[in-house]
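Notes for the one structure printed next.
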Amino acid sequence: MKGKIWKKRKKIALLLTIALLTGAAPAAPEALFVSAAPSTQEQINQTEKEKEELENKQEKNENALEGLKGVQSDLKKSMEDLNSQLNEVVHCLEELEQQIRDKEQEIADTQAALEEAKDTEEWQYTCMVLRARAMYEYREENYLNELFSAGSLSEALNVANYIERVAASDRKLMDDYKANRILIEEHEARLQQEKIELDNLKVDAEAEKNKVSGLISTTANSIAATAEQIEEAEKKAREYEEELKKKEEDLEYLRKKLAEEIALSQAAANATWRDISEVSFAEGDRYLLANLIYCEAGGEPYAGQLAVGAVVINRVLSSKFPDSVVGVIYQKSQFSPVGSGRLQLALTANKATENCYRAADEAMSGITNVGNCVFFRTPIPGLTGISIGGHIFY
């Protein structure tokens, strides 16, 4: 019976060696393998693929970042142009407002001159009416008196001529005042029209100012939004750089791990192995092994507990490790529960369950579900082996 078990163990060891060297998972004989983790080479291939995808994403992000920076540059140039336009519009508005003020003052002065002209015209008209009335009410008497009082015909003609000139002068002055008033009114009308035109120009300038101000506000918002997008793209760029750096580290680790695994599998294949029948277990080995199994795999399925026990016994059988259960378990830096003190606590309270003892008994009888594996740990990237519960056995 023991010879058959040993032959089966040798067969499983050979399959594991092939798997480690080729990166392919062997077929599980007689359902001994619960599940196989991806080989280290598969992990390397997957990591290289992920790295290539990251590089593509990084390139796209860099292109997008360059595009955003170009947009930002264009927006800033547009902002400069808009600010220049706004300054011109504001300057134009200031000039229009000054022209309007000047025009309003000119209109006010013209209106004052018009009022004065109207008053002068009215005064002249009053004077002319009074003179005309004085002349014509007593025309005959006054006229005759003037004529009779004249010393000569020539003097009488001068008096008559004088009276006619006074009347003509009054008419001319009246006509001049009317013409002047008309000119002033026309000038005022022209000034009013010019003011209306200036007011319209001011309205247009205000509209242009509002338009440019709106464009400046929109452009400023676009610049702010673009700056946020650039910041986000730069953040992504840093993240991609970190991820690529991590992928490089992972690849370096995986390649190193693959080389170590190949060397380990070769060493295991060339190691000297004892038969289980050659091992003499000491009193307390069962108790010690069962409690170690509890510490390492107490929460695992039974297959995981048996696998831990099998690893300990495989080390006892291998020439690469101590030849006793105690020597294997307490070998420096091999089992974490030993260093942390958890094993001692378990031993003190005998925490091992019935299944833990059952797994210890089967392992000590030579039963293994992990072939000649002599290591196990929680999964890490690049580690290949037999996956049972929460551990990889290799």
Side-chain angles (χ1 to χ4, degrees), residues 50-119 179-248:
E50 291 171 355
K51 178 190 171 190
E52 184 178 356
E53 290 174 352
L54 274 173
E55 288 172 340
N56 291 336
K57 289 180 180 178
Q58 184 186 45
E59 183 178 359
K60 289 180 180 179
N61 186 69
E62 286 175 353
N63 291 336
L65 183 57
E66 287 301 315
L68 285 170
K69 287 181 177 178
V71 170
Q72 185 185 53
S73 177
D74 292 342
L75 286 171
K76 287 182 177 179
K77 186 176 183 302
S78 296
M79 179 66 87
E80 291 176 0
D81 293 341
L82 287 170
N83 281 324
S84 177
Q85 290 179 36
L86 183 61
N87 288 335
E88 290 178 5
V89 172
V90 169
H91 180 67
C92 179
L93 268 174
E94 291 174 351
E95 288 185 345
L96 285 172
E97 289 170 350
Q98 183 60 49
Q99 289 178 31
I100 289 171
R101 287 193 295 270
D102 293 343
K103 194 64 66 177
E104 287 172 344
Q105 183 61 49
E106 193 175 351
I107 289 172
D109 293 343
T110 302
Q111 288 174 340
L114 181 59
E115 290 300 318
E116 183 179 354
K118 288 178 179 179
D119 290 342
N180 185 51
R181 176 175 56 79
I182 291 171
L183 288 174
I184 293 174
E185 287 174 346
E186 290 175 350
H187 184 57
E188 180 190 15
R190 187 170 57 256
L191 291 175
Q192 293 287 3
Q193 182 59 39
E194 290 174 356
K195 182 178 181 300
I196 290 172
E197 292 172 359
L198 287 172
D199 288 337
N200 290 335
L201 288 174
K202 180 181 178 182
V203 170
D204 292 341
E206 288 283 2
E208 183 67 16
K209 176 186 175 183
N210 292 335
K211 177 184 175 182
V212 175
S213 296
L215 288 173
I216 287 174
S217 178
T218 301
T219 305
N221 291 336
S222 297
I223 290 174
T226 305
E228 290 179 1
Q229 292 174 340
I230 289 173
E231 184 179 354
E232 182 63 26
E234 289 176 340
K235 179 182 176 183
K236 282 185 180 179
R238 291 191 295 271
E239 290 174 354
Y240 286 141
E241 288 175 3
E242 288 297 321
E243 289 184 51
L244 282 171
K245 181 180 178 182
K246 181 67 169 58
K247 290 297 178 187
E248 287 288 352

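Side chains are part of it too, since the values below use all heavy atoms of this structure and drop only hydrogens, waters and symmetry mates.
Around the NZ atom of Lys236, the shell of radius 6.0 Å holds no more than 12 heavy atoms that belong to other residues, nucleotides or ligands. Counting heavy-atom neighbours within 6.0 Å of Glu231 CD, excluding the residue itself, gives a total of 12 or less. Environment of NZ in Lys202: sparse, with no more than 12 heavy atoms of neighbouring residues, nucleotides or ligands closer than 6.0 Å. The number of heavy atoms from other shown groups lying within 6.0 Å of CD (Glu234) is above 12.
Of all non-hydrogen atoms in Leu82 and Val212, the two that sit nearest each other are O-CG1, 3.4 Å. Closest approach of Glu55 to Leu244, counting heavy atoms only: CG-CD2, 3.7 Å. In this structure, Ala205 and Val89 approach most closely via the heavy-atom pair O-CG1, 3.4 Å.
Judged by distance alone, with hydrogens and angles left aside, the side-chain atoms of Asn61 form no donor-acceptor pair with the main-chain N or O of Lys57 at under 3.5 Å. Judged by distance alone, the side chain of Ser222 and the main-chain N or O of Thr218 form a donor-acceptor pair under 3.5 Å.
Considering CD1 of Ile216 and OG of Ser78, their distance stands at 11.0 Å, rounded to 0.5 Å. Atom-to-atom distance recorded for Lys103:NZ and Asp199:CG is 11.5 Å, nearest 0.5 angstrom. Here the OG1 atom belonging to Thr110 is positioned 8.0 Å from the CD1 atom belonging to Ile184, to the nearest 0.5 angstrom. Here the CG atom belonging to Leu191 is positioned 11.5 Å from the CD1 atom belonging to Ile196, to the nearest 0.5 angstrom. The distance from atom CE of Met79 to atom CG of Leu86, rounded to the nearest 0.5 Å, is 10.5 Å. For the atom pair CD (Gln105) and CD1 (Ile100), the distance works out to 14.5 Å, reported to the nearest 0.5 Å.
Side-chain contact between Glu95 and Gln98 is absent, with no heavy-atom pair separated by less than 4.5 Å. With contacts defined as side-chain heavy-atom distances shorter than 4.5 Å, the pair Glu242/Arg238 does not qualify. Ser213 has its side chain within reach of Lys209: a pair of non-hydrogen atoms, C-beta onward, lies under 4.5 Å apart. Taking the side chain as every heavy atom from C-beta outward, Gln192 and Gln111 approach each other to under 4.5 Å. Taking the side chain as every heavy atom from C-beta outward, Lys211 and Gln85 never approach each other to under 4.5 Å. Taking the side chain as every heavy atom from C-beta outward, Gln72 and Leu68 never approach each other to under 4.5 Å. Side-chain atoms of Leu54 and Glu50, non-hydrogen and from C-beta on, never get closer than 4.5 Å to each other. Residues Ile182 and Glu186 form a side-chain contact, since some pair of their non-hydrogen atoms from C-beta on lies under 4.5 Å apart.
No side-chain donor from either of Arg190 and Gln193 sits under 3.5 Å from a side-chain acceptor of the other. Side-chain contact check for Glu52 and Asn56: no donor-acceptor pair (N or O, by modelled atom type) lies under 3.5 Å. Under the 3.5 Å distance criterion, with hydrogens and angles disregarded, no donor-acceptor pair is assigned to the side chains of Glu206 and Asn210.
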Go through the steps to decide whether His187 and Glu106 satisfy the test side chain to side chain contact (heavy atoms under 4.5 Å, CB included), and finish with yes or no.
-> CA-CA 10 Å; His187 184 57; Glu106 193 175 351; 3.7 Å; yes
Please assess Glu232 against Glu228 for the test side chain to side chain contact (heavy atoms under 4.5 Å, CB included), listing each intermediate value before the final yes or no.
-> CA-CA 6 Å; Glu232 182 63 26; Glu228 290 179 1; over 6 Å; no
